[in-house]
Amino acid sequence: MNEHKPRQLNLKDAEIHALASELARLHGDTLSGAVKAALREKLARDRRAASVEKRYEALMALAGAYRDRAGPRTLSDEEAVGYDAFGAPK
């Protein structure tokens, strides 16, 4: 099977056609070009979001590992940053 052979995408939904038509008109593009651009943009956004989520999870895992090695807390939040319970410097 030829991998570069164009394939047909037949969407039988009036709203999809209307949205693609409007996007094509706004950008001076074809229906295919508008759909391709929209799909690429959506994939790029979703990939960035997944990447941010993975970095967040990695940082949280690192913080958890550090917390586990550090042992129990001996200072309050205020003591740790050098302020008393009223927010004044010690």
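Since the structure is predicted, the reported quantities are computational estimates derived from the model, not experimental observations. Atoms considered below: every heavy atom in the structure, side chains included; atoms not considered: hydrogens, waters and symmetry mates. The chain is numbered in sequence order, starting from 1.
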D29 vs K36, side-chain contact (heavy atoms from CB on, under 4.5 Å): CA-CA, chis, key distance, verdict: CA-CA 10 Å; D29 205 349; K36 183 190 294 187; over 6 Å; no
Pair listing, salt bridge (Lys or Arg N to Asp or Glu O under 4.0 Å) test, anchored in residues 53-76, at least two apart: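 Sorted pair list: R73-D77.
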Closest heavy-atom pair and its distance - A20, A34: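 Looks like O-CB, 3.8 Å.
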For the student: nearest non-hydrogen atoms of K12 and N10, plus distance: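 Here K12 and N10 meet closest at CE-ND2, 3.4 Å.
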Donor-acceptor contact below 3.5 Å, side chain S21 vs main chain H17: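 Yes: the side chain of S21 pairs with the backbone of H17.
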CG on L11 to CG on L31, rounded to 0.5 Å: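 With rounding to 0.5 Å, CG (L31) is 10.5 Å from CG (L11).
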Please set out all donor-acceptor pairs under 3.5 angstrom arising from side-chain atoms of residues 39-46, sequence neighbours excluded.
unit_1: E41; atom_1: OE2; unit_2: R45; atom_2: NH1; d: 2.9
unit_1: K42; atom_1: NZ; unit_2: D46; atom_2: OD1; d: 3.0
unit_1: K42; atom_1: NZ; unit_2: D46; atom_2: OD2; d: 3.3

